[in-house]
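Quick notes on the structure that follows.
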Protein chains: 2
Amino acid sequence: MAQQPDTVTRILDTAEVLFAERGFAETSLRNITSKAKVNLAAVNYHFGSKKALIQAVFARYLDPFTVRFHASLDELEADYAGRVIPLEALLETMARSVLEVPAERNSLKVFMRLLGLAYSQAQGHLRRYIQEEYGSVFTRFTELVRLATPELPDAERFWRLHFMLGTVIFTLSGLDALRDIAEKDYGEHVSVRDLVRRLRPVVVAAMNAPLPDPSPVRREAS
Amino acid sequence: MAQQPDTVTRILDTAEVLFAERGFAETSLRNITSKAKVNLAAVNYHFGSKKALIQAVFARYLDPFTVRFHASLDELEADYAGRVIPLEALLETMARSVLEVPAERNSLKVFMRLLGLAYSQAQGHLRRYIQEEYGSVFTRFTELVRLATPELPDAERFWRLHFMLGTVIFTLSGLDALRDIAEKDYGEHVSVRDLVRRLRPVVVAAMNAPLPDPSPVRREAS
DNA sequence: TGTCATTGGAAACAATTGTTTGAATATGCC
DNA sequence: GGCATATTCAAACAATTGTTTCCAATGACA
């Protein structure tokens, strides 16, 4: 019989699933500890508080992600040896990095749900934590995107990147619900890789869309 | 001195703001009633339960929205008199309907935040309620989109519509945070209308993106 | 004016929350 | 073995939650 993982791991494994399913506020420590078969006090003993547990759940995904993503960007920059990295390659690399990390634990869905929650749930401490802890890798990425899309005004690129962030997080974090509808309506089962395949041309087209009409000039300015 | 709106209205006005700011579970009835200056029991008296209050908050936005959106689609169909309505016109109409409704209460932000929460928060009852109560108008809209984009496979259109739903909800519901960043980085203040202007070409380009590569064939199928 | 249904309000309810305590147990090290 | 440290455990804690109860105030209608 396989040995049970230690208490800390059991808590994290259970917590991430419950958090992803129902959100942070809706998941009680008793929920977690009873399902993980550990004592209630174990959470506060090992993590200190519920907040700290939430951050630890994120760290277990984001730490390996940032390491890999940085490494992949290093490779990419080496490959292109100073030349501009095309947008498609950047997006491809990001997608690969996102897909790789949770593959070890077979829980991309959880990963994406957590990202979605980090944005939508109140939990101000979480956004701050993520920004401070993992902001640098995103800064690096957006700078590379800037070089790849020199014709885009800075503000326009900023917004389009966030548009696409919304697309991806929204879709993948609500995947279960959407998959149910899609399966009912079109019969076909949709895998995550399938979805990423469908996302690629959409994201590229969105980033390369023509510029919007200039904002209308105020009346008083003639 | 202007007469205070009645209890029911005060509760709804306060609840929608607090819900939008912090989510449903994180907003207690005491939070709402104290800020609205009504008695705690008033919520259960007038609405029956917290769940019912949440649904009532949504109904106050979605009821007028569906009415207007149906009406706008009626006009549009009349204008085109049986001919196919182009995608741009459909998107334009939808955007206009969304913008019109909360303009009365000057709270598009709240409307969008609520929509975002409806998707991301657990609250299974909410999704079910919205689907049952307001599903028909979306069915009508997607059917018109189908006619406007005959070259798209059904599944592909389904997914792209949800991609764009994600873009819009994610962007507009996280608007405050994003606006802060954008203003800090680019100095310019961004209005909602500005954002809609920027969204238009992106959404159109995304819907018209080339089809993805066909999904790779499984090994055993030669 | 008196009656009755509606609304407002203070208090209490039972349940659940995150956290802490202090003793019991296990573990590692000399 | 024996000590010290680390972990587990049951119990209790104080705070907060949604909901209910019971009574007072209100206002419409006869």
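Convention: sequence-line order gives letters A, B, ...; per-chain numbering from 1.
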Any residue meeting ring-ring contact (aromatic ring centres under 6.0 Å, His included) with Phe47(A), in chain and number order, not counting sequence neighbours
none
Establish, from distance only, whether the side-chain atoms of Thr149(B) and Arg157(B) form a donor-acceptor pair under 3.5 Å.
yes
Are the charged groups of Glu21(A) and Arg113(A) less than 4.0 angstrom apart, N to O?
no
Could you name each residue pair satisfying salt bridge (Lys or Arg N to Asp or Glu O under 4.0 Å) that touches residues 135-145 of chain A, not counting sequence neighbours?
Asp74(A)-Arg140(A), Glu77(A)-Arg140(A), Glu143(A)-Arg146(A)
Glu92(A) with Arg96(A): basic N within carboxylate O range, under 4.0 Å:
no
Residues in ring-ring contact (aromatic ring centres under 6.0 Å, His included) contact with Phe19(B), at least two apart in sequence or another chain
Phe24(B)
Tyr134(A)/Phe65(A) aromatic ring centres below 6.0 Å:
no
Measure from NZ on Lys50(B) to P on dT19(D) and round the result to the nearest Å.
8 Å
Contacts of type ring-ring contact (aromatic ring centres under 6.0 Å, His included), residue His46(A), not counting sequence neighbours
none
Between Ser28(B) and Arg30(A), who's closer to the 5' end of DNA chain D by nearest nucleotide?
Arg30(A)
Please work out if Thr33(A) contacts a base, only the sugar-phosphate, or nothing of the nucleic acid, heavy-atom cut-off 4.0 Å.
nothing
Could you go through nucleotides 4-7 of chain D and list every protein N or O atom that sits under 3.5 Å from one of its N or O atoms, giving the distance for each pair?
unit_1	atom_1	unit_2	atom_2	d
dT7(D)	OP2	Tyr45(A)	OH	3.1

Rounded to the nearest Å, what distance is computed from the CG atom of residue Asn39(A) to the P atom of nucleotide dC9(D)?
6 Å
For Ala41(B), report the nucleic acid contact type (base, sugar-phosphate, nothing); a contact means any heavy atom under 4.0 Å.
base
What range of DNA chain C does chain B touch, first nucleotide to last, counting atoms under 4.0 Å from its heavy atoms?
dT6(C) to dA12(C)
